[in-house]
Amino acid sequence: MILNSGKLGWPHTLNPVPEYPALDRDLNCDVLVVGGGMSGAMLSHELTSRNLNTVVIDKGKIGGGSSSANTGLLQFSNDKTLTSMIHTFGEEIGVAFYKLCEQAMHKLIETSGRLYSNPQLIPRSSLYFASHEGDVPMLQEEFETFKKYGFNVDYWDQAKIERHMPFSKPAALYTHGDAEVNPFRMVHALVEAAARHGARVFEHTEAVHFEYDEDGVTCYTGAHKIRAKTVVFTMGYETQEMKRDRNAVLKVSYAMLTSPVEDLSDWHERCMIWETARPYLYMRTTPDNRIVVGGLDEHPPEPDQREARALHKSEILLGEVKKLFPRYQSLTAEYAWASIFGSTHDGMPMIGTHPDYPNSYFIEAYGGNGTVYCMIAADMLGDVLTGKERPDMEMFSLQRTSKPSPHKPVTMG
């Protein structure tokens with residue numbers, strides 16, 4: 001699967017990029033993590049903090065897949081609103097899911113402060129604006145739902161938006177407790193910390209074949225093998241080449257990183273910005289005063305068309321920035337890329353077991369809030385693999401119904 005094309009914006013921000021050896025011997029471990037992107041990095045960091053003997057392998061380079069194309073907006077809000085979640089799954093699951101996202105945000109911010117290398121994670125608020133007048137009632141309802149369940153959010157009317165921003169929109173929600181991150185640096189900082197705490201990390205090591213039995217899993221990498229009590233597949237969107245999930249939806253998303261902006265004083269609190277339209281536009285700033293902007297999701301074009309498509313889309317994205325911020329007319333797109341983007345039909349990530357893969361778990365953090373889902377998964381699997389039950393993981397089941405009901409009774413402990 002070709003995950004990315006174009007000129008990626010993050011790898012240039014880390015020099016030198018850490019390197020890890022290829023596997024050169026047979027190993028035994030408690031947990032084998034297959035995949036060195038955000039989900040694998042976060043999980044390995046969590047497992048080593050709980051003293052589990054952990055091995056991480058990646059067929060390419062650590063952070064070299066979808067994580068290098070991630071745009072790094074971390075929020076407790078999701079592509080599917082809390083109100084919609086409640087309508088789909090019922091109050092218990094809908095609210096529990098959003099609370100897990102909120103808790104994951106707290107843990108992401110706290111974890112970033114304990115890493116040895118700087119992941120450039122900066123707490124931010126988010127402005128979620130109504131793209132059209134007709135979206136205002138939906139935002140008002142979402143605001144009331146947020147307040148009912150104790151989330152930290154403000155409602156901005158058109159006048160308040162105009163006071164704080166150089167553009168006008170009919171209404172917006174201003175959520176607190178979010179953050180921006182450099183995803184490439186975050187992956188490497190997490191893996192570095194995991195390695196310092198005992199994880200054995202191997203690049204250019206492909207899992208060729210697995211054998212499952214009652215006591216564990218044997219992974220064959222060609223010349224060598226790894227014997228693990230448990231395997232966790234953290235392969236991102238490439239998991240769909242291993243097994244197809246009927247809940248998964250794969251598209252292509254586009255992003256762009258601008259030249260530096262001389263003056264960001266008219267960008268209120270350098271908040272992250274996104275909108276109610278679907279597919280939505282989103283943007284944020286970086287520590288070196290650039291702007292990351294993304295969106296325009298579509299069905300994947302032919303592989304040989306992706307690079308040209310990414311350049312075309314970058315011009316559209318740049319134009320959107322200039323519409324919102326008229327003073328930024330001199331901006332150029334210095335980096336532009338296209339990447340595979342996964343979501344789910346019901347708006348939930350997929351975390352858990354699969355009947356065809358004994359002694360194994362999958363983390364499929366599909367959706368616009370993937371990094372937050374990675375933290376939820378790492379926390380849950382950290383508990384499960386150290387003997388603590390997490391009945392709330394059932395809401396993320398890979399085998400969950402494709403037709404959820406808000407009226408179906410559930411028990412999550």
Side-chain angles (χ1 to χ4, degrees), residues 1 3 19-66 187 190-191 194-195 197-245 248 350-365 374 377-378 380-390 393 396-399:
M1 181 181 289
L3 294 172
E19 296 183 345
Y20 298 89
L23 182 66
D24 60 358
R25 60 195 183 278
D26 294 348
L27 295 176
N28 290 282
C29 61
D30 293 328
V31 185
L32 170 62
V33 179
V34 182
M38 187 66 78
S39 55
M42 212 164 284
L43 178 66
S44 60
H45 179 265
E46 183 68 25
L47 297 181
T48 53
S49 74
R50 298 174 186 241
N51 298 315
L52 287 167
N53 183 343
T54 304
V55 172
V56 182
I57 62 172
D58 194 287
K59 69 178 183 180
K61 293 184 67 64
I62 296 298
S66 298
V187 168
L190 288 164
V191 172
H197 291 116
R200 290 168 287 175
V201 183
F202 301 95
E203 296 181 324
H204 306 295
T205 301
E206 184 172 5
V208 177
H209 174 65
F210 293 91
E211 290 182 357
Y212 305 88
D213 56 54
E214 291 183 2
D215 300 319
V217 182
T218 303
C219 170
Y220 295 88
T221 66
H224 303 285
K225 61 183 179 181
I226 304 168
R227 178 65 183 175
K229 296 176 183 175
T230 306
V231 171
V232 184
F233 294 100
T234 60
M235 296 152 43
Y237 308 134
E238 290 183 298
T239 306
Q240 298 308 305
E241 294 183 325
M242 177 181 178
K243 61 169 186 59
R244 282 292 301 164
D245 293 293
M350 294 177 284
I351 306 164
T353 60
H354 190 285
D356 295 340
Y357 302 88
N359 297 312
S360 303
Y361 292 87
F362 290 84
I363 298 177
E364 299 175 47
C374 290
M380 286 184 161
L381 291 182
D383 281 347
V384 170
L385 294 173
T386 52
K388 182 180 177 181
E389 293 185 3
R390 288 297 299 264
M393 196 163 74
F396 304 123
S397 170
L398 277 64
Q399 286 77 50

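Numbers here are sequence positions counted from 1.
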From OG1 (Thr205) to NZ (Lys59), nearest 0.5 Å = 12.5 Å
Is a salt bridge present between Asp30 and Lys229, judged by a nitrogen-to-oxygen distance below 4.0 Å?
-> yes
What's the shortest heavy-atom distance between Ser39 and Ile363, and which atoms?
-> CB-CG2, 3.7 Å
To the nearest 0.5 angstrom, please state how far the OG1 atom of Thr54 sits from the CG atom of Leu43.
-> 7.5 Å
Pair Glu211 + Lys225, salt bridge at N-O below 4.0 Å = no
Closest non-hydrogen atom pair, His204 against Ala22 = O-CB, 4.0 Å
Would you give the length of the straight line joining atom CZ of Arg200 to atom OG1 of Thr48, rounded to the nearest 0.5 angstrom?
-> 12.5 Å
Taking the side chain as every heavy atom from C-beta outward, state whether Leu52 and Leu385 have any pair of such atoms under 4.5 Å apart.
-> yes
Separation between CG of Asn359 and OG1 of Thr218, rounded to the nearest 0.5 Å | 10.5 Å
Heavy-atom closest pair, residues Val55 and Cys29 | CG2-CB, 3.7 Å
Taking the side chain as C-beta and beyond, is there a heavy-atom pair between Tyr361 and Met380 under 4.5 Å?
-> no
Step by step, would you call Ser44 with Val201 a side-chain contact (heavy atoms from CB on, under 4.5 Å)?
-> CA-CA 9 Å; Ser44 60; Val201 183; over 6 Å; no
Output for pair (Leu381 CG, Glu46 CD), nearest 0.5 Å, gives 9.5 Å
Heavy-atom distance under 4.5 Å between the side chains of Met235 and Glu241, does that happen here?
-> no
How about Tyr357 and Phe210: are their ring centroids closer than 6.0 Å?
-> no
Grab the two heavy atoms, one from Val217 and one from Ser360, that are nearest each other, plus how far apart they are.
-> CG2-OG, 4.1 Å
Hey, is NZ on Lys61 packed in by over 12 heavy atoms from elsewhere, all under 6.0 Å?
-> yes
Between Val191 and Ala41, what is the shortest heavy-atom contact and its length?
-> CG2-CB, 3.6 Å
Supply the atom-to-atom distance Asp356 CG to Tyr212 OH, rounded to the nearest 0.5 angstrom.
-> 9.5 Å
Test item: Phe202 and Leu27 side chains (from C-beta on) under 4.5 Å apart, heavy atoms | yes
Measure from the side-chain N and O atoms of Gln399 to the backbone N and O of His354, and report whether any donor-acceptor pair falls under 3.5 Å.
-> no
Does Asp26 come within less than 4.0 Å of Arg227, counting only side-chain N to carboxylate O?
-> no
Pi-cation contact, Phe362 with Lys243 (under 6.0 Å, within 45°) | yes
Looking only at non-hydrogen atoms, find the nearest pair between Gly35 and Val56 and report the distance.
-> O-CG1, 4.1 Å
